Amino acid sequence: MSLSDKTKRWLNENCKISLKGKTVLVTGANSGVGFKMAEISAYLGADVILACRNKERAKEARLRLIGDHPEASISVMQLDLASLSSIEVFCEELVSSQVDIDAFVNNAGVFRQPGKKTADGFDLVIGTNYIGTYYLSERLLPYLSSLPHEVVYVNTISIIHKIATVDYADFYYEREKRYRAFPVYARSKLCLARYTYAQAKRYAGSNVRMMMNHPGMTITPMGLNAFGNGIGRLAGVVGPLINSPEKSALSLAYILSHEIPSGSIIGPNKGFGGWGYPEMNRIGQRVKEGAEELIRFTDIEIEKAKA
Ligand SMILES: NC(=O)c1ccc[n+]([C@@H]2O[C@H](COP(=O)([O-])OP(=O)(O)OC[C@H]3O[C@@H](n4cnc5c(N)ncnc54)[C@H](OP(=O)(O)O)[C@@H]3O)[C@@H](O)[C@H]2O)c1
């Protein structure tokens, strides 16, 4: 389905950019918000790379995009964030081929995966959303910071990070027998936000602009997993209070077309970040503090998993 006239109008009025000659890479781009970010980037003229765990789904997404945007240059890469070795192969391919990237969007993520683990034995939600994204970022940022132009690096968090906590004694919520889907997910996103905020400081003055975005409540396969099928029915009643993937995906064009300081969070402007069009959000203390300990802990976890 191509972009709606409303989206095109909004882009025209609020994001006056052309991405011609730029390359945008989006992870988890075969579905939901990631697919729409890829589509908006193609519409604005970018060359787009779809980095997906399943190459067949990626190819199918590419065909859908080409169908609506025949002039677009769209390629696919394989990346499974739930596997450290897949991340290594992906980064090696990107760096050794010197792929030129202007915007890199870590959009892929999962919610509610009781009892499931990554290939390296981490809880699947924390392992994918945080540890996988961390491992990828640590490998790519040195390369991206060597490119001779600005690179916008976006990590996708969630508004729920605002109520999350980090407990290193029970990092994966294994102490309780009951699976706690929202706390686990919220922790994965708080850790990602803390890490991203710290990286913004580390790369201050470089060509890399570290950004965070959160889509609000969005009707996607993950949104349905989080809020239940009722969200679909609810959307029929209170449609404007829940974002479509297309509306949530506008955050990328907003970030690319505005001079937003590195380390900022962009999210919907209504309902305490639940829905609406993108704007800059306030950053809470829990994001700003504790990154050193988190990074130390994460490096040890990764070392242990690889040993
Ligand atoms: N929807 C919401 O209400 C909401 C709210 C807050 C934040 N978010 C965040 O927004 C982002 C996009 O989510 P969405 O709602 O658009 O969900 P979605 O439609 O379910 O898309 C998630 C994408 O992530 C990919 N993915 C999952 N595990 C992966 C892995 N191990 N390696 C690589 N890719 C993987 C999925 O691939 P497959 O298709 O192969 O599974 C899919 O392409 C996520 O980071 C999510 O946490 C969403």
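None of these values were measured; they are calculated from a predicted model. Read the numbers this way: they start at 1 and go in the same order the structure lists the ligands and their atoms.
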**Student:** With only distance considered, is G216 within less than 3.5 Å of ligand 1 through an N or O on each side?
**Tutor:** yes

**Student:** Rounded to the nearest 0.5 Å, how far apart are CG of L190 and OG1 of T165?
**Tutor:** 8.0 Å

**Student:** Of all the heavy atoms in M217, does at least one lie under 4.0 Å from an atom in ligand 1?
**Tutor:** yes

**Student:** Not counting sequence neighbours, list each pair that qualifies as a salt bridge (Lys or Arg N to Asp or Glu O under 4.0 Å) and has a residue in residues 134-160.
**Tutor:** E138-R202, E150-R209

**Student:** In this structure, is the centre-to-centre distance between the rings of Y153 and Y203 below 6.0 Å?
**Tutor:** no

**Student:** Is a side-chain donor-acceptor pair under 3.5 Å present for T218 with N243?
**Tutor:** no

**Student:** From the options T218, N30, N243, select the one whose nearest heavy atom is closest to atom 3 (O) of ligand 1.
**Tutor:** T218

**Student:** Name the option, out of N106, I242, L79, V110, that contains the heavy atom nearest to atom 33 (C) of ligand 1.
**Tutor:** L79

**Student:** Among all residues two or more places apart in sequence or in another chain, which pass the side-chain contact (heavy atoms from CB on, under 4.5 Å) test with S83?
**Tutor:** D80, S85, S86, A119

**Student:** If I apply the N/O under 3.5 Å rule, does S158 come out as touching ligand 1?
**Tutor:** no

**Student:** So is K117 actually on top of F122's ring, under 6.0 Å and inside 45° of the axis?
**Tutor:** no

**Student:** Given E174 and Y179, is the side-chain hydrogen bond (donor to acceptor under 3.5 Å, both in side chains) satisfied, shown in steps?
**Tutor:** CA-CA 8 Å; E174 289 163 331; Y179 182 73; over 6 Å; no

**Student:** Any cation-pi pair here, R64 with F35, using under 6.0 Å and within 45°?
**Tutor:** yes

**Student:** Between L81 and ligand 1, does any nitrogen or oxygen pair lie at a separation below 3.5 Å?
**Tutor:** yes

**Student:** Would you say Y185 has any N or O atom under 3.5 Å from an N or O of ligand 1, going by distance alone?
**Tutor:** yes

**Student:** Could you tell me which atoms of ligand 1, counted from 1 in the order shown, lie closer than 4.0 angstrom to a heavy atom of A108?
**Tutor:** 24 (O), 25 (C), 26 (N), 34 (N), 35 (C), 45 (O)

**Student:** Between F182 and F111, does a ring pair (Phe, Tyr, Trp, His ring centres under 6.0 Å) hold up when you go through it step by step?
**Tutor:** CA-CA 8 Å; F182 276 97; F111 180 86; 4.9 Å; yes

**Student:** May I ask whether T27 places a heavy atom under 4.0 Å from ligand 1?
**Tutor:** no

**Student:** Indicate the atoms forming the closest heavy-atom contact of A253 with L11, along with that distance.
**Tutor:** CB-CD2, 3.6 Å

**Student:** Relative to atom 31 (N) of ligand 1, which among D80, L192, T156, N155 owns the nearest non-hydrogen atom?
**Tutor:** D80

**Student:** Under 4.0 Å from ligand 1, counting heavy atoms only, is it the side chain of R57, its backbone, both or neither?
**Tutor:** side chain

**Student:** State if P245 counts as touching ligand 1 under the rule of any non-hydrogen atom under 4.0 Å.
**Tutor:** no

**Student:** Looking only at N/O atoms, are G28 and ligand 1 under 3.5 Å apart anywhere?
**Tutor:** yes

**Student:** Does the N or O separation between T128 and ligand 1 drop below 3.5 Å for any pair?
**Tutor:** no

**Student:** Should I157 be listed as contacting ligand 1, given a heavy-atom distance under 4.0 Å as the test?
**Tutor:** yes

**Student:** Would N54 count as a polar contact of ligand 1, with the cut-off being nitrogen or oxygen pairs under 3.5 Å?
**Tutor:** no

